[in-house]
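Comments concern the structure below.
Being a predicted model, the structure only gives us computed values, none of them experimental.
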Amino acid sequence: MKPKQILPLLLIALIWGSYYVASQQVAKGLSTFPTGIVIRVVTLVLLTVIMGLRGELPLLLKVKGVLPRLLMIGCMGFLLDFTAFIGLQLSPAGSGTALLKCDIIFVSLISMIIYKTRFTKIDWILTLVMLFGVFMVMGVDFRNLQLGNAGSIFFILSALFVSINAFIIKSVQLDKDNPVCDDVVAYYNNIVTMILFIIAATVSGTIGQLADLQTDRYLLMVSLLAGLGQTGIYLVYYYDLRRFPVWIVKVFLLLMPIVSAIETFLIFHEHMVSGQYIGMVIVLAGALGILLEQNRKPAEELASAR
């Protein structure tokens, strides 16, 4: 890979890691469903402005043959958040976030089974090494990592939904009859997810929490930042999915916890232990190894993996 190609892959890890920090702050003032609503309302406004400036709004109606998949992408977006939320209620957050990162395994398996992508032993080893490093960065206690409880099942489901959704998004982007532009995919994803969050917040009786945004300036500020981050995710993540194999994009997203850890350390002065620093070095070394391995592969092999 050339440096110019690597930049958008690094950028999505930076944006997503920053979004995670901002959304965590929002979640401290609002419960899950109102948090989902406010972030996606901000994102809806930003996407509308961006698409308006680009003259893309009329494309929202040109979705013949792909509309069911666009709606499915939005439903998956809600389900991956919803199942993670249930998991957090049933098991510790540390083990849960670790299981969510296992989406790289699902993506690799789907790539092998459906798309016949060929992975070398080095690819697998380096990916697992990076995953182990991510667990260290997140401070996962392997002694208390329980895979048999109900919460773990929901975390694994969330990771599965994330993985499947990436392939559905890519299939819509590269549809043979009606390829859809990235902004249209993002718009449908965002608005469907937002509607489902509104329904869930209404049913759960938590929608009234949105009134806190009128009196809490800090909550409003971090909500706007989280919405900006979500918009950036849609723009850069979809750009990457269109141009790179899904598993490569997911590998670079393993850098996201490093970004989050550094930002929380710098902004909120959260203490970091030696194990986290070691984990960062392991993740970065694994990413470098994967880049070198990809450069070793023939260009036509990489193209077929997309």
Side-chain angles (χ1 to χ4, degrees), residues 16 19-20 23 27 30-48 51 59-90 96 99-100 102-104 106-107 109-110 114 150-151 153-175 177-204 206-207 226-227 229-231 233-235 237-238 240-242 246 249-250 253:
W16 214 316
Y19 163 77
Y20 183 71
S23 61
L30 301 172
S31 58
T32 300
F33 297 141
T35 296
I37 293 172
V38 67
I39 290 175
R40 281 158 181 81
V41 167
V42 174
T43 303
L44 179 66
V45 173
L46 293 175
L47 284 176
T48 302
M51 293 182 69
L59 297 178
L60 292 171
L61 301 177
K62 298 179 181 180
V63 292
K64 183 179 179 181
V66 294
L67 181 59
R69 274 178 288 165
L70 288 172
L71 297 178
M72 186 182 299
I73 289 168
C75 291
M76 284 284 185
F78 172 77
L79 285 174
L80 64 90
D81 280 341
F82 182 64
T83 48
F85 172 61
I86 296 176
L88 285 170
Q89 290 181 320
L90 299 176
L99 290 172
L100 289 175
C102 291
D103 66 335
I104 183 66
F106 286 122
V107 164
L109 291 174
I110 292 171
I114 298 179
I153 294 173
F154 284 101
F155 281 125
I156 293 171
L157 280 175
S158 182
L160 180 61
F161 290 142
V162 171
S163 306
I164 294 173
N165 213 23
F167 288 101
I168 299 174
I169 291 167
K170 196 173 182 75
S171 75
V172 171
Q173 292 174 321
L174 304 179
D175 187 80
D177 299 319
N178 186 16
V180 180
C181 83
D182 298 349
D183 291 343
V184 171
V185 181
Y187 204 92
Y188 274 91
N189 187 349
N190 187 73
I191 199 166
V192 171
T193 305
M194 183 187 72
I195 291 170
L196 292 174
F197 267 118
I198 291 173
I199 294 172
T202 303
V203 172
S204 64
T206 57
I207 197 167
Q230 179 68 72
T231 305
I233 289 171
Y234 281 139
L235 297 178
Y237 181 53
Y238 290 2
D240 288 344
L241 284 178
R242 182 181 290 274
V246 176
V249 179
K250 292 296 183 179
L253 280 174

> What's the spacing between I37 CD1 and L30 CG if we round to 0.5 Å?
Replying inline: 9.5 Å
> Between Y188 (side chain) and L60 (backbone), is there a donor-acceptor pair under 3.5 Å?
Replying inline: yes
> Please walk me through it: do F106 and V162 pass side-chain contact (heavy atoms from CB on, under 4.5 Å)?
Replying inline: CA-CA 9 Å; F106 286 122; V162 171; over 6 Å; no
> Taking all atoms of both residues into account, what is the closest heavy-atom pair of V107 and F167, and its distance?
Replying inline: O-CZ, 3.7 Å
> Going from CG on L44 to OG1 on T193, what distance comes out if it is rounded to the nearest 0.5 angstrom?
Replying inline: 11.5 Å
> Between M51 and V184, does a side-chain contact (heavy atoms from CB on, under 4.5 Å) hold up when you go through it step by step?
Replying inline: CA-CA 8 Å; M51 293 182 69; V184 171; 3.9 Å; yes
> What do the steps show when you test V172 against L70 for side-chain contact (heavy atoms from CB on, under 4.5 Å), and what is the final call?
Replying inline: CA-CA 8 Å; V172 171; L70 288 172; 3.8 Å; yes
> What pair of heavy atoms forms the shortest contact from F154 to T83, and how long is it?
Replying inline: CB-O, 3.3 Å
> So which heavy atom on L46 is nearest to which on G227, and how close?
Replying inline: CD1-O, 4.1 Å
> Which value, rounded to the nearest 0.5 Å, describes the distance between I199 atom CD1 and M194 atom CE?
Replying inline: 10.5 Å
> Rounded to the nearest 0.5 Å, how far does CD1 of I233 lie from CG of D240?
Replying inline: 12.0 Å
> Can you name the nearest heavy-atom pair linking T206 to S31, along with the distance?
Replying inline: CB-OG, 3.6 Å
> Once you round to the nearest 0.5 Å, how far does CG of N190 lie from CD1 of I73?
Replying inline: 12.5 Å
> L80 and G77: which non-hydrogen atoms are nearest, and at how many Å?
Replying inline: CG-O, 3.3 Å
>> Show every salt bridge (charged side-chain N to carboxylate O under 4.0 Å, His left out) that has at least one partner inside residues 188-197, sequence neighbours left out.
In response: none
> Taking only residues at least two apart or on different chains, which pairs with a member in residues 180-192 satisfy salt bridge (charged side-chain N to carboxylate O under 4.0 Å, His left out)?
Replying inline: R54-D183, D182-R242
>> For the backbone of S163 and the side chain of D103, can you confirm whether one donor and one acceptor N or O come within less than 3.5 Å of each other?
In response: no
> Who pairs with Y237 by ring-ring contact (aromatic ring centres under 6.0 Å, His included), at least two apart in sequence or on another chain?
Replying inline: W16
>> Is there a side-chain contact (heavy atoms from CB on, under 4.5 Å) between F33 and I198? Walk through the geometry before answering.
In response: CA-CA 7 Å; F33 297 141; I198 291 173; over 6 Å; no
> Looking only at heavy atoms, which two atoms of A27 and T35 are closest? And how far apart?
Replying inline: CA-OG1, 3.8 Å
>> Parallel, tilted or perpendicular, judged at 30° and 60°: which one describes the rings of F197 and F78?
In response: perpendicular
> Distance from M72 atom CE to N165 atom CG, nearest 0.5 Å?
Replying inline: 9.5 Å
